[in-house]
Each structure stands twice: as structure tokens, then as C-alpha cells.
Participant: 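First the structure, then my questions, so here it is.
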Amino acid sequence: MSKKKAAKPAAKKSAATPVKKTQKAVASKPVKAADAAGGNKSRMTENRLFKPSAEFSGKARISSMSQYKKMHEESLKNPDKFFGREAKELHWTKPFTKVLDWKCPSAKWFTGGKLNVSENCLDRHLQGPRKTKAALIWEGEPGEKRVLTYQQLHREVCRFANVLKRHKVKKGDRVVIYLPMIPEAAIAMLACTRIGAIHNVIFGGFSAESIKDRVLDSGAKIIITADGGYRRGAVVPLKKNVDDALKAKDTPVETVIVYKRTGQEVHIEEGRDVWWSRELEYVDAHCPPVTMDSESPLFILYTSGSTGKPKGILHTTGGYLLHAQMTCKYVFDLRDEDVYWCTADVGWVTGHSYLVYGPLAVGATSLMFEGAPNWPENDRFWKIIEEYAVTVFYTAPTAIRAFMKWGDEWLQKHDLSSLRLLGTVGEPINPEAWMWYHTKVGGGRCPIVDTWWQTETGGHMITPLPGATPTKPGTATLPFFGVDVAIVDDLGKEVGTDEQGKLVIRKPWPSMLRGIWGDKARYQDTYWSEFKGWYFAGDGARRDKDGYIWIIGRIDDVLNVAGHRLGTAEVESALVSHPAVAEAAVVGRPDEMKGQGVVCFVTVKEGVKTGRELADELKKHVRKVIGPVATPDEVRFAVALPKTRSGKIMRRLLKQIAAGEIIKGDTTTLEDINVIAQLVASGEN
Ligand code: 7RM
């Protein structure tokens, strides 16, 4: 790793307090990629610091670092007291008798307590003024608009829960939800929770094959789907995919409920398939919530790793909901006046925790959008923010980099002054993208919460608190309450400042996964075997001198070049700091001399000419920003990078391409399979 000095020397600091001299962002001064490259600013040397404004802090629930530290300390030293107090903000039908019962790897939170998630997200808001406030604001890709107040959403959830009951869905049954981004997705999820059924949401973009695997693994008797969904003007044949999936022998599915979204013709299997709207005619709107144990299963969500079949991550009721609620309160600082927009699909954990459960638990207004950011034009997101006066906006770095690539003129056409807080999730954000988000989208006035977490963690784990934590571009900063993070070597010893290691969590937290569906051994093996008694996240990270945590990507992706460990995020960030580059993915390729060589897949900004000259320039650029050890062996220009639907680059596939191997392993989560053929054909320029 490069030992280059920070461009600006750090000021004095006290032990763990990262507050130093503050450099305020200047909204009007555009930050050019070249500035960063010229200053040799890599993720290793980033030291710009952005303090929350006095105005933001003044109103925030956590308004200073000392308050954060005091609460964080209490949450670790005395979790019973801390979480016992926080959990009182949920509505319990029966109070819990014990906060935590921990016998690694089994955690039980709020034992004895009983509650219902839909009651917490809906019924309890119907007493006061929230009753007639918008719970969900929805916009369809073709432009339709719907608003559901808390009262209306409650009614729809109750009715649909009765439909499920009519089809003999009981407590503990698994229900597959395969829907586009329409309010019915949230309604179906909440209806499951109302009667204690376990939902298993599958991304609307996944194939018949993925549906089949997930239906079989979860043993679902019922699928809720739609005739189709819209994506970039085209229609996705959801029902057809379900039909194809159900051609498999011995599926447990007895019923398919079909919501009419696009109106296209679909096959209806007599005795199996029913229409959503028709079913509603048979039921009333009275459906009391079923009382659930705090540890009752709430949902399963499949996530694929680099090896093996996708894992059905299991979450339970009380702890999960508490964490979703707490993070919406403390991280998103959500209030009754907010219009909050999380752009994630409900098929991703982010859609579960931060589109549906968290925002509704705190009684906020959650905006749901069906379409893509560039349909019909590149300013669709900015249009929505302007039109609905969105105040809190949560999206992924992959989207931010796409916006940068399309050019600033798209957002300059819109008034984004309603925004007060921004968030990111899904991948490490490179400082260039962070700065762009901060100045161009946030107008220099909105704090950014870069939230690190996983499907397995249920909610935010490492994140700034927007009224307290001074942020730096590219780091998720500090652990949330109850989160005991350490960065360790292979033997479990904590590594030093600025050294890379494995990210572990040493204490259970309320929203941690409780298992992998149907596979106890794999749960133990994957998360609890690397280090005894600690949760191993699978990510590499380092801590800087201020105690801030920098995620450097999945451990499986870390490169070892001539004995130096190189995080993919560092090299990718260096590439993206070059003005020609839109996005980059870096992988290792077996190399006789160095162990691994560095291969870069790069997409360029609009209008940039690719070729040998640019490839050489990029190699030099990386060498300059990080150091000679990171010099790319090969730069390959691509039309697009292979990504999951949640925007994560699938480096595993790129590794195989770089090594000239046949693509193997699970590709069902790939957003666009055609990308692979283009990449294989790309070769060195
Ligand atoms: C929420 C979600 C989890 C993996 C995780 C990381 C990466 C997510 C960040 C991030 C750096 C972030 N769940 N990741 N957020 N890396 N900074 N703020 O993404 O299960 O789909 O993925 O995503 O590698 O392990 S997930």
C-alpha cells in the first residue's frame, strides 16, 4: 500500500474525537475530478471533513459527538438498559421480560414480549393526526400517481390479509411476493405480518429459475405476483416467469394471486390462479393483528454469495422492527413533516427496512417509485424530488455515478431545495461521487449518511448520525448504537491504524439475522466460524487515525499484488477520480510474478474516446494516486459492468473473464446477462 502523506496534514485530535478543523463545502464551487487527482487524493488520504450545520444539529435528535459517544458506550456496556429503554417506543401487546438471551450463534431479543409488525406500522398511527397523513406516495413508471394515507393503507392491508386467510395461509407459512414496485408490494408484505405469515420477496427482475429455487427452498404454498411490471418502457412478464417456475416438478405452490398492473394477457391456471381484485370482493376490512412472539420469524430474503446457492436470510420480529425504527429516527432523523424517498426496490433488504418497515414504524411519509432513473429521461429522479418536495433521499453509489456520467444539466433543470438529508448504501462510495452528491444534489447544505450494512444485519450498522458526526467523503464513519465493530487479522487480533483487516462484530444486535432458512450448519459456518463468538461480515476494512471505518469491499475480492493487499474500492476510486471515467471494476488475475495482476474494467463518460492512449493514461493515473504497486496490468473498456439489480458489481464474474475462464456459478442475480458477452469480447485495447 502506498504510504503517501495526506495532502493536508491532520490537525491535532483528541483520542477518539474526529472533530478537527472543518472545511465547509462551497455549493457554488464545482469540484472537478481533476482536483482530486491533482492533489493525489485517494481513499487512503482523504481528509476533507464536513461538519453538520448548526441548524441541522440544533434540531437533530443526536446533536453532538459527545451525546453519540455517551449513548454508544451505554449501548455496549449496558445493552439491557439501553435497548430496554428504546424498545419501549414499540407497541407491545405483552411486555418483554428479558432484553437479551445470547448463546452464540443464537440470539433472543425481548423474550416474553409479544407484538405485531403491521400494528406497529399502521394501527398505532390511526389515533392522532397521522390517520389522514400520507403513508405511501407512489409514482408508476408511466407516470400514474397514488397516495395512501395511514388509514387507507391500514384498510388495504387488512383486506388483503383476509384474502390470505381465505386461502388458508396461517402463522408461520411462507408467502412468496414477486411484484413490481407498486403499493401492493408493501400491502402484501404488511398483510403477511398481520397474520404471522413469513414473506419471501423476490426481485421483480429475477428469472423463472430464481423463483423456482426460492420457492422450493422456502417451501412457499402461495405466490403473489402481477401480470407484468414496467421497466424502461418495456413490460416485464412477471406472471409468465411464475408460470415457468411452476413447471418444475413437485413445487409446494397451491395458489397464485395475480394483481393486474399492465393489463397484458396472461395464462390463468384454473384451480391455482386467482385475481387480486376479485379476491377482495369476498372479504371485509376487519382483520385483527395476530400477536407474535418477539422471536417469531418475520421474513426470509435470499442473498447470493460468491459460492453455493443463495442463502435464505431469516429475520425475526421484535429486534428487527426496533432497529428499523431506531435507525429511521437517529440516522434519517425522520419527522412527521418529511417526505422521505428510498429508491431501493422492495426485493432488496433496503426496500424492506427503509422503504416499508422503518419509515412506517415512525409514522413518516414514504415515497415509492416504480421506474428507472433514466426513463423517459435522465432527470426522472430530480423531477420527482422537485414535484413531491422530497426532504430525505436515500440511494446507491451506482446511481450517483450514473448521474455524474449523464452530466449536471439534468439536475440543474430542477429545484432540489426541499432536500435536507442525503444517504447512500450498497457499496463503498468513492470520494468523487460523494463530493458530487454533496455539492450538486445537496447544494452543499445536506449532511450525507453513508450507511454500511447487509441483508444479514437487518439495518444500518456503521453510519454517521447526521446532526453529530462530521463526515469525510468515502467513509461510513462510526458504529451505530449497540454495534461493537473491530477490524482484525486472520488470528482475530485488532490491526493498527490504517491497516486493512477483516470486519467483525463482537456483540449481538437486535436486528441480526437469526439463521439461514433450513440450514443451521451453513449459518454457523458462514458467519460464526471464522472467529469464535464474533460475527464475520465478509468485508475488508480499515480504521483511520480518527477511528473512522473505511469499507474496502468483500474479502473475496481483495487483491494480493506482490504481497500487498489492495482493496478493490481503493483502485476503483482512483480510476473514477479521472475525469474520463464513469465507473470502474477492478479484479485480480493470476500472475506468475506478482501472484495477482490488476485488471480494470472501465466505462467512460459520455463523449469520451477510448483506446490504447486512454488505457495508458489511466494506468499512470492509478500509479500516481495510489502507488506503483497498484498500477493496472490491463485496462479494458466496457459498455457496461455486470451488476446485481441492487447495483453491486459482480466482480466474481469479471475475475473469470479477466482470467479467460468460462463463466460459472450463480448468474441468476445479474441484472442484464448481455453485459457478459460484451465483456468477454472486449479484450485489451
Ligand atoms: C444494504 C446492503 C451487503 C454488502 C456489504 C458491503 C456492501 C453495503 C455499503 C457497502 C461500503 C457502504 N445489503 N455495502 N453498504 N460497502 N459502504 N455504505 O447493501 O446484503 O445487499 O449487501 O454491500 O460489501 O457487505 S446487501
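Just follow the structure's listing: the first ligand is 1, and inside any ligand the first atom is 1.
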Participant: Examine the side chains of Gln454 and Tyr535 and answer whether a donor and an acceptor come within less than 3.5 Å of each other.
Facilitator: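 Side chains of Gln454 and Tyr535: pair found under 3.5 Å.
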Participant: Give the residues near ligand 1 by chain and number, with the criterion being a heavy-atom distance under 4.0 Å.
Facilitator: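 Those residues closer than 4.0 Å to ligand 1 by some heavy atom are Trp348, Val349, Thr350, Val425, Gly426, Glu427, Pro428, Asp450, Thr451, Trp452, Trp453, Gln454, Thr455, Asp539, Ile551, Arg554, Lys648.
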Participant: Please determine, by modelled atom types, if Ser353 and Tyr320 share a side-chain donor-acceptor pair under 3.5 angstrom.
Facilitator: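 Side chains of Ser353 and Tyr320: pair found under 3.5 Å.
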Participant: Under the side chain to side chain contact (heavy atoms under 4.5 Å, CB included) test against Trp434, which residue among Thr475, Ile448, Thr424 passes?
Facilitator: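 The option that passes is Ile448.
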Participant: For Pro632, run the side chain to side chain contact (heavy atoms under 4.5 Å, CB included) check against Val586, Val622, Val599 and tell me which one passes.
Facilitator: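 Single pass found, and it is Val622.
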Participant: Among Trp509, Trp348, Tyr354, find the one that has a ring pair (Phe, Tyr, Trp, His ring centres under 6.0 Å) with Trp453.
Facilitator: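 Single pass found, and it is Tyr354.
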Participant: Does the structure place the NZ or CZ of Lys311 under 6.0 Å from the centre of the six-membered ring of Tyr302, at an angle of no more than 45° from the ring's axis?
Facilitator: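 Judged by the rule, Lys311 and Tyr302 form no cation-pi pair.
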